[in-house]
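Since the structure comes first, as structure tokens, the remarks are kept for the end.
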Amino acid sequence: KPLALPGAHVVVTGGSSGIGKCIAIECYKQGAFITLVARNEDKLLQAKKEIEMHSINDKQVVLCISVDVSQDYNQVENVIKQAQEKLGPVDMLVNCAGMAVSGKFEDLEVSTFERLMSINYLGSVYPSRAVITTMKERRVGRIVFVSSQAGQLGLFGFTAYSASKFAIRGLAEALQMEVKPYNVYITVAYPPDTDTPGFAEENRTKQGNFNSSLGSDGYMLSALTCGMAPVTSITEGLQQVVTMGLFRTIALFYLGSFDSIVRRCMMQREKSENADKTA
Ligand SMILES: NC(=O)C1=CN([C@@H]2O[C@H](COP(=O)(O)OP(=O)(O)OC[C@H]3O[C@@H](n4cnc5c(N)ncnc54)[C@H](OP(=O)(O)O)[C@@H]3O)[C@@H](O)[C@H]2O)C=CC1
Ligand SMILES: CCCCCCCCCCCCCCCC(=O)[C@@H](N)CO
């Protein structure tokens, strides 16, 4: 069920930049009231100005809140309360604050694993926890989690990042089962490796799907990794059933080619290291 955006209060964490800012702009264009949550105040104000250029009526407001969503739950709860006092109960929360660090497993500091887990995973838990009670009481609400295609498959260099994005899916599936009877809906977005404003199209959640992906790779990945994810329509379910074998076959070719890329790079690196030694 699509959420009516005109007049709705939409909170976007990570709304001062990139995908989050685009989502905020799209919602604002449709008449929503926006709360942007991020740490850096200058970036927040800059984004506020940019978003306000897209207003469709003179009542619309963009509120900025500077907080680290990954540190202290009480602090996050407080700022959500402040936002609700100013703009009313939250109709939609978009958990977009996050970051990526890549590198080989043995090259990554263990602190990176802790940091990505707290920003990408706990940083989505805290704001969601802070809005869920009111959403259930009002029988209205949508929570969007921004995962990644790297939350659907593990890729070289993404040990820390992928795990934090996979975690989001587990949270989202379990939470959806709990809150569905209260008319509260969850969306998990799996963006590919681009940062074009085209993401906004995808992340507007106008279709109200649980799974939200982009492009043909994204479509195949979502069907292939559907597991026990909820379905939004009979068509979606039937497509998953029918395409599973085919997509698994295609996936085996992808895996073969990924493996050969990794092997080739390893051999090249060893060769050039040996050449360096003999030189
Ligand atoms: N771009 C891509 O290719 C893809 C991105 N994604 C995911 O989409 C999301 C957004 O990515 P993108 O737009 O590229 O990122 P950006 O780096 O452009 O924006 C990140 C936003 O999150 C905020 N943020 C970061 N850490 C915190 C924190 N601890 N507390 C509060 N706010 C925080 C930043 O503001 P500030 O630093 O001021 O706090 C900023 O507003 C991320 O979760 C990312 O993993 C998924 C797939 C692909
Ligand atoms: C039927 C089988 C189909 C298989 C398709 C495989 C496609 C793999 C694409 C993986 C791209 C990973 C993007 C990560 C984005 C991200 O989060 C980063 N930008 C963060 O830095």
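Nothing fancy with the numbering, it's 1 onward along the sequence. For ligands, and for the atoms within them, numbers begin at 1 and follow the listed sequence. What you see below is based on every heavy atom in this structure, not just the backbone, and it leaves out hydrogens, waters and symmetry mates.
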For [X], is the nearest heavy atom under 4.0 Å from an atom of ligand 1?
X	value
Tyr161	yes
Cys96	yes
Ala100	no
Asn120	no
Leu36	no
Ser147	yes

At less than 4.0 angstrom from any non-hydrogen atom of [X], what atoms of ligand 1 do you find?
X	result
Asp68	28 (C), 29 (N), 30 (N)
Gly18	13 (O), 18 (O)
Ser70	29 (N)
Ser16	35 (O), 40 (C), 41 (O)
Val67	30 (N), 31 (C)

Please work out, at 4.0 Å between heavy atoms, whether the side chain, the backbone, both, or neither of [X] comes within that distance of ligand 1.
X	answer
Ala150	neither
Lys21	neither
Lys43	side chain

Step through it carefully: locate the ring centre of Phe166, locate the ring centre of Phe158, and say whether they are under 6.0 Å apart.
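Not close enough - the centres of the two rings lie 6.0 Å or further apart.
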Could you tell me whether the side chains of [X] and [Y] share a donor-acceptor contact shorter than 3.5 Å?
X	Y	answer
Ser124	Asn95	no
Arg142	Thr187	yes
Gln152	Ser222	yes

Within the structure, does Ile119 bring an N/O atom to less than 3.5 angstrom of an N/O atom in ligand 1?
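So ligand 1 has no N or O lying under 3.5 Å from an N or O of Ile119.
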Sub-3.5 Å N/O-N/O distance, Val69 and ligand 1
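So ligand 1 has an N or O lying under 3.5 Å from an N or O of Val69.
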Just go through Ala47, Gly14, Ser17, Gly20 and tell me whose heavy atom is the nearest to atom 18 (O) of ligand 1.
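Ranked by closest heavy atom to atom 18 (O) of ligand 1, first place is Ser17.
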Heavy-atom nearest option to atom 5 (C) of ligand 1, drawn from Ile19, Asp42, Val146, Val12
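Among Ile19, Asp42, Val146, Val12, the closest heavy atom to atom 5 (C) of ligand 1 belongs to Ile19.
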Minimal non-hydrogen separation, Met92 against Val144, with atom names:
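The pair with the smallest heavy-atom distance is SD-CG2, 4.2 Å.
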Considering both backbone and side-chain atoms of Tyr161, is one of its nitrogen or oxygen atoms within less than 3.5 Å of a nitrogen or oxygen in ligand 2?
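Yes; at least one N/O pair falls below 3.5 Å.
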Take Arg138 and Val184 through the test side-chain contact (heavy atoms from CB on, under 4.5 Å) and record every step on the way to the result.
CA-CA 9 Å; Arg138 294 175 64 225; Val184 175; over 6 Å; no
Residue [X] vicinity, atoms of ligand 2 by number, heavy atom under 4.0 Å:
X	value
Ser148	14 (C), 15 (C), 16 (C), 17 (O)
Phe247	1 (C)
Ala100	20 (C), 21 (O)

Expected output: side-chain [X] to main-chain [Y] donor-acceptor under 3.5 Å:
X	Y	result
Thr243	Gln239	yes
Gln60	Ile56	yes
Gln240	Cys226	no
Asp91	His9	yes
Ser272	Arg269	yes

Leu252 vs Ile250, test: side-chain contact (heavy atoms from CB on, under 4.5 Å). Steps then yes/no.
CA-CA 5 Å; Leu252 293 176; Ile250 297 173; over 6 Å; no
Side chains of Ile143 and Met135 in contact at under 4.5 Å (non-hydrogen atoms):
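Ile143 vs Met135: side chains touch.
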